[in-house]
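These notes concern the structure reproduced below.
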Amino acid sequence: MRLGIGVLLAMLSLAAGAEGVSSPDGSIQFQLSFAQSEDPSGRYPVYTVTLDDEEIIAESRLGLTTDDSDNFSRGLSRIDVARRSNDATWEQPWGERRFVRDHYNEAVYSLRFAEFEMAVHVRVFDDGLAFRYEIPEQDGLAIRTIDELTQFVINRAGTAFWQTGDGHEGYEHLYQATAIDEVTTAHTPMTLRLDNGAHLSLHEAALVDYPAYRLIAAGDGQFDVDLRPWSDGTKAKVSLPFESPWRTIQLARSAMGLLDSSLILNLNEPNVLGDVSWVEPGKYAGIWWEIHRGLGTWSSGPRHAATTAAAKAKIDFAAEYGIDGVLVEGWNVGWDGDYVGEPTQDLTKAAPDFDLAAVARYAREKGLRLVGHHETGGHVTHYEEQMDEALDLLERHAVRQVKTGYVGRTGSLKRVDEEGQTHLEHKDGQFAVRHHLTNIRKAAQRRISVNTHEPVKDTGLRRTYPNWLSREGSRGQEFNVWGNPGNPPEHEVMLAYTRLLAGPMDFTPGVFDLDFEIDNKPRRVQTTLAKQLALYVTIYSPIQMVPDMRENYERYRDAFQFIVDVPTDWEQSIALAGEVGDFVAFARKERGGDDWYIGAITDEQARSLSLPLGFLDGDRSYRATVYGDGPDAHWESSPYEYVIRQSTVGKEDTLELALAPGGGAAIRIEPEE
Ligand code: NOJ
Ligand code: CA
């Protein structure tokens, strides 16, 4: 059997016990060994992780069961190791930074069990580590199903930042901060701050044809990987050769240290689509927020929002302010009645009062793009049956981006099998993982990019498929319109250290009308207006929505200028300050330009931040325009109080910012002539 690329092969004796691999800077150490067992037939592999010689992950189990056998869970008799190092830099077609350094030490452990062999691939970077399982083809072995025995044991006190993996709303639950031993079941990324100051985040990379996992707390700091099963209870359906996704541990000495990590991307395969110059980052407006606000409907009738005239008016607004695209929801037939879980959506037919050809043409004439919408209602088979035709229709009208949606509760995706039986599948099970990749590949064949709502979690596949532009996968702005309750002031701060470590999010920042009523019930967006601006920088996504209505932006025209100016594609991103769940600040440099943008946000506490501008070029001066909270601003009592001030700054300067409760600041820094 052949295991990876090896330059040095070593056989470990049982006595040697452990064999390690460390990060290029030597600070992180991964050790693999046999678990102590009197009886050799009971031996299984375990690992530990240290940072600066202090234990982070205590002895934790590795292993798999295949077709309910213990071929790869006990009876470990021998470990061989092959080593390799990598230090290469690659370029993103779009992203939070243009160049990404992929620097690690690798060990491929070949594990000999009683009858068969498997491998554990380990890569240790300066910002964390990852491991994956491989079962090569071998004589006498056939495999149909897999379950996983991976553990993360954390024997230190600390705080966990997590959202329940047990709820009905998929990934759309609030994050909570609790003692580590109060975690029950969590989605990943789950982030931990340990008593020694170390910060880590558990997640996965390159999730392809396998279920996503949740973490189940088993007591005493032990977290078990729990693969989301199919409706028949099977965890993963596989064949040989088999390779699991990477199990990732991002690791840093401070909260900020987690924010600049590219580990998830580095563990994904390079772009397989070739030329992707047709993938277009940018901002988009939409017929969307007004529907959520109750000012129109997705369904047909006198209040139908997606009329030809309304779409053209939205395109006029977008064109006037240099916004690149316009999303139209409710454009198609099938929204009447209860469409959730029902095969009602016809994504090949426009509503009678929506002239798709005319709107698409109007958008092109105005120099911007129409963004398509495929709401599936969660009926995946119904979508798959019409997917080719639906994407062809978009392609015919030169629509190059589509937002997809899978509304409905956890475990409610509909799959109809060959016998016509309907099954309810999870949004993070293997069925969903396969479906999304089918969608991404079919869209790519037509040069269409995708923004998935109610998706499976992001594991960095945008590197391999750069047309997978963004996704939701957490509570977005829309929760503020639904209320009960909306997102609390700490929510967007929490996202930076949890959900956003996985990849871009289509959060839809930029709401300017922060208090309104729906059905005579008050609704509050729990931020200041300045914080809404800052979110365009703190929440990374290559596509960002400009969701509110024209009149709300024009009421605060001077503040709206920041949204008009801010780009969505970056040369460089740098975390400037932060503590998990409390505050965060980023600086980002625009791609193809010299301007820098800073976003700083806080939770419900007012804060003063001093941000040194050492990242600026030394030999020029800049004009900084700060869009900040006014002296009495407060998300609850005076959210609209903002101040815009300008000053000349340089590399030696420090920017002093005062953030209101629930507030933030957005800054544009341009070189002076
Ligand atoms: C939920 C999505 O998150 C939202 O953006 C969309 O408008 C509705 N589903 C309808 O598709
Ligand atoms: Ca949603």
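Count residues from 1 along the sequence. Start at 1 and go down the list; that is how both ligands and their atoms are numbered. What you see below is based on every heavy atom in this structure, not just the backbone, and it leaves out hydrogens, waters and symmetry mates. Just so it is clear, the model here is predicted, and its values are computed rather than measured.
Minimum interatomic distance between Leu273 and Pro466 (heavy atoms only, all atoms of both residues): CD1-CD, 3.7 Å. Nearest heavy-atom pair, Ala534 versus Ile601, reported as atom, atom and distance to 0.1 Å: CB-CG2, 3.6 Å.
In the displayed structure, Glu389 atom CD is contacted under 6.0 Å by at most 12 heavy atoms of other residues, nucleotides or ligands.
The distance from ligand 1 to the heavy atoms of Trp288 drops below 4.0 Å at these ligand atoms: 4 (C), 5 (O), 6 (C), 7 (O). Close contacts between ligand 1 and Trp298 involve ligand atoms 7 (O), 10 (C) [criterion: under 4.0 Å to a heavy atom]. Here is the list of ligand 1 atoms found below 4.0 Å of a heavy atom in His373: 11 (O). Within ligand 1, counting atoms from 1 as listed, the ones closer than 4.0 Å to a heavy atom of His453 are 2 (C), 3 (O), 5 (O). Contact atoms of ligand 1 toward Glu472: 3 (O) (distance under 4.0 Å to a heavy atom of the residue). Less than 4.0 angstrom separates some heavy atom of Val407 from each of these atoms of ligand 1: 1 (C), 9 (N).
Residues satisfying the salt bridge (Lys or Arg N to Asp or Glu O under 4.0 Å) criterion with Lys283, sequence neighbours excluded, are absent altogether. Considering only residues two or more places apart in sequence or on other chains, Glu554 meets the salt bridge (Lys or Arg N to Asp or Glu O under 4.0 Å) condition with Arg550.
Judged by distance alone, with hydrogens and angles left aside, the side-chain atoms of Gln163 form a donor-acceptor pair with the main-chain N or O of His173 at under 3.5 Å.
Contacts of Phe479 with ligand 1, taken as heavy-atom pairs under 4.0 Å, are absent altogether.
Looking at ligand 1, you won't find any N or O of Trp335 less than 3.5 Å from one of its N or O atoms. Where the criterion is an N or O separation shorter than 3.5 Å, residue side chain and backbone included, Glu454 meets it with respect to ligand 1. Below 3.5 Å of separation, one finds an N or O of Glu329 facing an N or O of ligand 1.
Counting heavy atoms from C-beta on, the side chains of Leu437 and Val208 come closer than 4.5 Å.
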